[in-house]
Amino acid sequence: MEERLQKFLAEAGVASRRKAEELIAAGKIKVNGKVVTELGTKVDPKKDEVLYLDKEVSKKEVDLVYIMLHKPEGYVTTAKEQFGRPGVMDLVSQIEARIFPVGRLDYDTSGLLLLTNDGELTYKLTHPKHDVDKTYIAKLYGTPDDMDLQKFRRGVFIDGRQTKPAKMQILERGERQSTVEIVIHEGRNRQVRKMCEAIKHPVAQLKRVATGELKLGDLPKGKYRHLTPKEVKYLKSL
Ligand code: URA
């Protein structure tokens, strides 16, 4: 059966779907001996020969790998970094498959980060229309009051656009800082930090503890584990 070239590449574990589109546009993919730069190109995986860096791409050869990493603060989520800061890929270097992060966490955020070579799943999980809940524990300056919690529930304006409703629950009140649980549905740039700034309680520390029903649990900082088959099934069902 024919399918779009970028989808085929993503399912074969070459890259995420967006990255696959970039590879096509950059002329890095050959179909039946010819460079193809047209994004809508259809291929039949049974009949057509697809090459990336002159190596054949085949769906059968890749084992799909699904990893949960406890990202420490002080690591970037991008693959290459211009300032020479350490990256999350350094923490999963024993994994031989060409995995990549699903979405990202800020340099100074810790917590649950998924990595996989399943480009299709990455595409689904990071697409704005599949707003999977993301749960964070944050230390904030000051303690938000009921009005602040209400603002959060309604959504606040960041970068000129209102966020979808979010939840905030106070877990601990301190003199200078409080600990809260925050659940958001989108994945906008530095969203939690900006939302907390908007209610005048900036973030001092931020950790993602769950993506949907997947929980970080007691996975130590800097360590990773493979997802269980049940967890993978759950992600695919989203
Ligand atoms: N929101 C943020 O502000 N930072 C993250 O890393 C994730 C969500």
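Read the numbers this way: they start at 1 and go in the same order the structure lists the ligands and their atoms. Along the sequence shown, residues carry numbers from 1.
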Visitor: How far apart are the C-alpha atoms of Leu114 and Leu235, what are their side-chain angles, what is the distance that settles it, and do they pass the side-chain contact (heavy atoms from CB on, under 4.5 Å) test?
Guide: CA-CA 11 Å; Leu114 297 175; Leu235 285 180; 3.9 Å; yes
Visitor: Quick one: does ligand 1 sit under 4.0 Å from the side chain of Leu206, the backbone, both or neither, non-hydrogen atoms only?
Guide: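 The answer is the side chain.
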Visitor: Checking side-chain contact (heavy atoms from CB on, under 4.5 Å) for the pair Thr126/Arg18: CA distance, chi angles, key distance, verdict?
Guide: CA-CA 10 Å; Thr126 53; Arg18 258 177 232 125; 3.9 Å; yes
Visitor: Which atoms of ligand 1 are found less than 4.0 Å from any heavy atom of Tyr136?
Guide: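 Ligand 1 atoms under the 4.0 Å threshold to Tyr136: 7 (C), 8 (C).
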Visitor: Between Val192 and ligand 1, which residue portion shows a heavy-atom distance shorter than 4.0 Å: side chain, backbone, both, or neither?
Guide: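 It is both parts that get close, each with some atom under 4.0 Å.
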Visitor: Name the closest protein heavy atom to atom 4 (N) of ligand 1, giving the residue it belongs to and the distance to 0.1 Å.
Guide: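 For atom 4 (N) of ligand 1, the nearest protein heavy atom is Asp106 OD2, 2.6 Å.
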Visitor: Within a reach of under 6.0 Å around NZ of Lys223, are more than 12 heavy atoms found that belong to other residues, nucleotides or ligands?
Guide: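 For Lys223, atom NZ is not crowded (no more than 12 foreign heavy atoms under 6.0 Å).
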Visitor: May I ask you to decide if Lys139's main-chain N or O and Thr179's side chain share a donor-acceptor pair within less than 3.5 Å?
Guide: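 No; judged by distance alone, with no hydrogens or angles, the pair does not exist.
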Visitor: Among Val31, Leu9, Val35, which residue satisfies the side-chain contact (heavy atoms from CB on, under 4.5 Å) criterion with Ile24?
Guide: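 With Ile24 as partner, Val31, Leu9, Val35 yield a single side-chain contact (heavy atoms from CB on, under 4.5 Å), made by Leu9.
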Visitor: I need the atoms of ligand 1 closer than 4.0 Å to a non-hydrogen atom of Thr109, numbered in the order shown.
Guide: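 Checking each atom against Thr109, I get 4 (N), 5 (C), 6 (O).
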Visitor: Is the closest N or O pair between Arg104 and ligand 1 shorter than 3.5 Å?
Guide: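 No; the residue has no nitrogen or oxygen that sits under 3.5 Å from a nitrogen or oxygen of the ligand.
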